[in-house]
Trainee: 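Below are the C-alpha cells for one structure; questions will follow.
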Amino acid sequence: MDVLRASVDDMVKDKVVVITGAGGGIGRDFALAFAAHGARVVVNDLGTTVTGEGASAHPAQNVVDEIRAKGGEAVASTESVADWEAANRIVKTAIDAFGHLDCVVNNAGILRDRFFFNMSVEEWRAVIDVHLNGAFYVSRAAAPYFKSQNSGSYVHMTSTSGLIGNLGQANYSAAKLGIVGLSKSIALDMARHGVRSNCIAPFAWSRMIGSIPTDTPEQRARVERMKVMETAKIAPLAVYLASPAAEGVSGQIFAVRANELFLMSQSRPVRSVHRAGGWTPEGIAAHGMPALRQGFFPLDRTQDVFTWDPL
Ligand code: NAI
C-alpha cells in the first residue's frame, strides 16, 4: 500500500492544475485528491446555484483552506468560466501563483432542465455558456502555455445525457456532446505539442442530481442505491489522466460510476448500403432504409443502457 501510495504521489507531484467548479461536488474532490497527490491547485468556483444564479467566494475559499490545513498548496479563483476575459484570468492565476500550468480540468457546470418545446433561449444560452463555451475559453486560454512547454493535459467533464440521452436536457446534452467534439479536436490539434485531452462522464451523487424525487418507497430505494456513487470516486481517474503515466491516452471518453470504470465508444459507421447509379427517395424507402434500420439505435436514455445498480 505504501509503495502504491508513494508512486501515486509522484504521479502529479508539483504539477499545477486548474480545476473549474472545484468549490463543491465532484470538483471539490478533484481538488482535494490532486492536492493529496502533491499537485498545486487553482480552485476555481463562481459559488453559484445549480441553475447558475448568484455568486459567492466562500466555496472556492473553503476548499483552499481545507487543502492548506492538510499541508497542501492551493489558491482560490472566483471568476466565471463563461466569460473569455475571466477564463484568461483563471489561467493567469495559476501562472502568477505557481509559475506554470500542467493540467486543466473543465468541471464547472449548471443545469436549466426543461422539455425542448418549452426551453427558452435564455435557458439554452446559460447552459451552453458555462459548459461548452466555458470549456473552450479555459482550454484556449491555457493552450499557449501548454504549446510552449510541449506538455499538458486537459480533462473535460461530459455526461451520458449527451453521449446516450436524457429527457428535458436539450441544452445540457448538446453542450456535453459538444465538449466531446472539443476534446477530440484539442487532442488532434495539440498532439504534435505533447498535449493530451480526454473526457470523463461521471455518475455521482451531488447536488446536481440530488433533486430526484423521493415520494415513493421505490424512489427512496433508488436514491439510496445512488448514494454509493460518491463524488470522490471520480477523482482517481482525473489525477491519473493528468499524470505522465497517462502518456498515449488522448482523445478518449471514459465513464466512472462508483467502483466501475468504462471506456465509452465513439461514432463510427455501423452499416452501409450502396446503389450503383445513386439513390432516389423512393429507393431509400424501398431498399436503403430497411437495410439500415437493422442498425438503428433505440431512443435510449442513460438508465436504459446502464441497467444495473452501481457497484
Ligand atoms: P455541482 O453543482 O455540485 O458543482 C458544479 C460547480 O460548478 C459548483 O460549485 C458551481 O458553483 C460551479 N460553477 C457553476 N457555474 C460556474 C461558472 N460559470 N464558473 C465557475 N464555476 C461555476 O455539480 P457536480 O455534480 O459536481 O458536477 C460537476 C461536473 O460533472 C459538471 O460539469 C456536471 O455537468 C458533470 N456531471 C455530473 C454528473 C453527476 O452525476 N453529478 C453526471 C454527469 C456529468
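Each ligand, and each atom within it, is numbered from 1 in the order the structure gives. Only heavy atoms go into these numbers, but all of them, side chains included; no hydrogens, no water, no symmetry mates.
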Trainee: Measure across V16 and A94 and return the closest heavy-atom pair with its distance rounded to 0.1 Å.
Mentor: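 That would be CG1-CB, 4.0 Å.
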Trainee: Under 3.5 Å, is there a donor on one side chain and an acceptor on the other for N44 and T20?
Mentor: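 T20 and N44 do not have a side-chain donor-acceptor pair below 3.5 Å.
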Trainee: Measure centre to centre between the rings of H193 and F146, then say whether the value is under 6.0 Å.
Mentor: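 Distance test on ring centres: not under 6.0 Å, no.
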Trainee: Would you kindly specify which portion of N106 sits under 4.0 Å from ligand 1, judged on non-hydrogen atoms: side chain, backbone, both or neither?
Mentor: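 Answer for N106: neither.
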Trainee: Closer than 4.0 angstrom: is that true for some heavy atom of T160 and an atom of ligand 1?
Mentor: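 The answer is no, since T160 has no heavy atom less than 4.0 Å from ligand 1.
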Trainee: I'd like to know whether ligand 1 has V50 as a neighbour, heavy-atom separation below 4.0 Å.
Mentor: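 Heavy atoms of V50 never come under 4.0 Å of ligand 1.
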Trainee: Regarding ligand 1, does F203 bring an N or O atom to under 3.5 Å of one of the ligand's N or O atoms?
Mentor: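 No; the residue has no nitrogen or oxygen that sits under 3.5 Å from a nitrogen or oxygen of the ligand.
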Trainee: Would a line drawn from the ring center of F98 to the ring center of H100 be shorter than 6.0 Å?
Mentor: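 Ring centres of H100 and F98 not closer than 6.0 Å.
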Trainee: Taking E230 for the side chain and A232 for the main chain, is one N or O donor matched with an acceptor at less than 3.5 Å?
Mentor: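 Checking the backbone N and O of A232 against the side chain of E230, no donor-acceptor pair under 3.5 Å is found.
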Trainee: Determine whether the side chain, the backbone, both or neither of V130 has a heavy atom under 4.0 Å from any heavy atom of ligand 1.
Mentor: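 Near ligand 1, V130 shows its side chain, while the N, CA, C and O stay back.
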Trainee: Need the ligand 1 atom indices (1-based, order shown) with element for anything under 4.0 Å from a heavy-atom of N44.
Mentor: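 Numbered from 1, ligand 1 contributes 20 (C).
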Trainee: If we ignore hydrogens and angles and just use 3.5 Å, is the side chain of Q266 paired with the main-chain N or O of G251 as donor and acceptor?
Mentor: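 Indeed, once roles are kept as given, a pair shorter than 3.5 Å links the two residues.
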Trainee: Just to be sure I read this right, does ligand 1 sit under 4.0 Å from the backbone of Y172, its side chain, both, or neither, counting only heavy atoms?
Mentor: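 Answer for Y172: side chain.
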Trainee: Show the atoms of ligand 1 that are less than 4.0 angstrom away from any heavy atom in G25.
Mentor: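 Matching atoms, with element in brackets: 3 (O), 26 (O).
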Trainee: Return the residue, atom name and 0.1 Å-rounded distance of the protein heavy atom closest to atom 22 (C) of ligand 1.
Mentor: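 I find the closest protein heavy atom is A108 CB, 3.6 Å.
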Trainee: Which residue supplies the protein heavy atom nearest to atom 19 (N) of ligand 1, what is that atom called, and how far is it?
Mentor: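 In this structure, atom 19 (N) of ligand 1 has V81 N, 3.1 Å as its nearest protein heavy atom.
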Trainee: Could you find the nearest protein heavy atom to atom 25 (O) of ligand 1 and give me its residue, atom name and distance?
Mentor: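 Here the closest protein heavy atom is S206 OG, 2.4 Å.
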Trainee: Could you check whether any heavy atom of G47 sits closer than 4.0 Å to an atom of ligand 1, since that is the contact criterion I want to use?
Mentor: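 It does, in that a heavy atom of G47 comes within the 4.0 Å cut-off of ligand 1.
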Trainee: Does an N or O from I209, backbone or side chain, lie closer than 3.5 Å to an N or O of ligand 1?
Mentor: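 There is no such contact.
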Trainee: Do you see a donor-acceptor pair shorter than 3.5 Å between the side chains of E66 and N62?
Mentor: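 Checked: E66/N62 side chains show no N/O donor-acceptor pair below 3.5 Å.
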Trainee: For ligand 1, is any non-hydrogen atom under 4.0 Å from I110's backbone (N, CA, C, O), its side chain (CB onward), both, or neither?
Mentor: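 For I110, only side-chain atoms sit under 4.0 Å from ligand 1.
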Trainee: Quiz question: by atom type and distance under 3.5 Å, do the side chains of N198 and S183 form a donor-acceptor pair?
Mentor: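 Distance-only check fails for N198 and S183.
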Trainee: Who's closest to atom 1 (P) of ligand 1 heavy-atom-wise, of R207, R257, R28, M157?
Mentor: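 Shortest heavy-atom distance from atom 1 (P) of ligand 1: R207.
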Trainee: Give a yes/no verdict on a cation-pi contact between R257 and W308, requiring under 6.0 Å between NZ or CZ and the six-membered ring centre and an angle within 45° of the axis.
Mentor: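 Satisfied, under 6.0 Å and within 45°.
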Trainee: Can you tell me the protein heavy atom closest to atom 11 (O) of ligand 1 and the distance?
Mentor: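 Closest protein heavy atom to atom 11 (O) of ligand 1: D45 OD1, 2.5 Å.
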Trainee: Where is the tightest heavy-atom contact between F30 and A238, given as atom of each residue plus distance?
Mentor: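 For F30 and A238, the tightest heavy-atom pair comes out as CE2-CB, 3.7 Å.
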Trainee: Among protein heavy atoms, which lies nearest atom 40 (O) of ligand 1, and at what distance?
Mentor: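 Ranking protein heavy atoms by distance from atom 40 (O) of ligand 1, first comes A204 N, 2.9 Å.
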Trainee: Under 3.5 Å, is there a donor on one side chain and an acceptor on the other for E53 and T51?
Mentor: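 A donor-acceptor contact under 3.5 Å links the two side chains.
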Trainee: For atom 26 (O) of ligand 1, grab the closest protein heavy atom and report residue, atom and distance to one decimal in Å.
Mentor: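 Of every protein heavy atom, I26 N, 2.8 Å lies nearest to atom 26 (O) of ligand 1.
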Trainee: Examine N107 against ligand 1 and note whether any of their N/O atoms are separated by less than 3.5 Å.
Mentor: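 Yes; at least one N/O pair falls below 3.5 Å.
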Trainee: Indicate whether the side chain of E85 and that of N88 have a donor and an acceptor atom separated by less than 3.5 Å.
Mentor: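 Per modelled atom types, E85 and N88 side chains form no pair under 3.5 Å.
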Trainee: Measure the distance from atom 43 (C) of ligand 1 to every protein heavy atom, then report the residue, atom name and distance (to 0.1 Å) of the closest one.
Mentor: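 Minimum-distance protein heavy atom for atom 43 (C) of ligand 1 reads P202 O, 3.2 Å.
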Trainee: Atom 4 (O) of ligand 1: which protein heavy atom is closest, and how many Å away?
Mentor: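 Result for atom 4 (O) of ligand 1: G24 O, 4.3 Å.
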Trainee: Got an N/O contact under 3.5 Å between L46 and ligand 1?
Mentor: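 Such a contact does occur with ligand 1.
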Trainee: Which atoms of ligand 1 have any heavy atom of S159 under 4.0 Å away?
Mentor: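 Near S159, meaning under 4.0 Å from one of its heavy atoms, ligand 1 has 43 (C), 44 (C).
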Trainee: Applying a heavy-atom cut-off of 4.0 Å, say which part of E79 lies close to ligand 1: side chain, backbone, both or neither.
Mentor: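 Backbone only.
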Trainee: Locate the shortest heavy-atom distance separating A258 from P310; write the atom from each residue and the value.
Mentor: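 Shortest heavy-atom separation between A258 and P310 comes out as CB-CB, 4.3 Å.
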Trainee: Taking atom types as modelled, is there a side-chain donor on S161 or S173 under 3.5 Å from an acceptor on the other?
Mentor: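 The answer is no; no qualifying pair exists.
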Trainee: What atoms of ligand 1 come closer than 4.0 angstrom to any heavy atom of T158?
Mentor: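 The list of qualifying atoms is 43 (C), 44 (C).
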Trainee: Does any donor atom in the side chain of H37 or K13 lie under 3.5 Å from an acceptor atom in the other side chain?
Mentor: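 No, K13 and H37 have no side-chain donor paired with an acceptor closer than 3.5 Å.
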Trainee: Taking non-hydrogen atoms only, is H131 closer than 4.0 angstrom to ligand 1 via side chain, backbone, both or neither?
Mentor: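 It is the side chain that gets close, since no backbone atom is under 4.0 Å.
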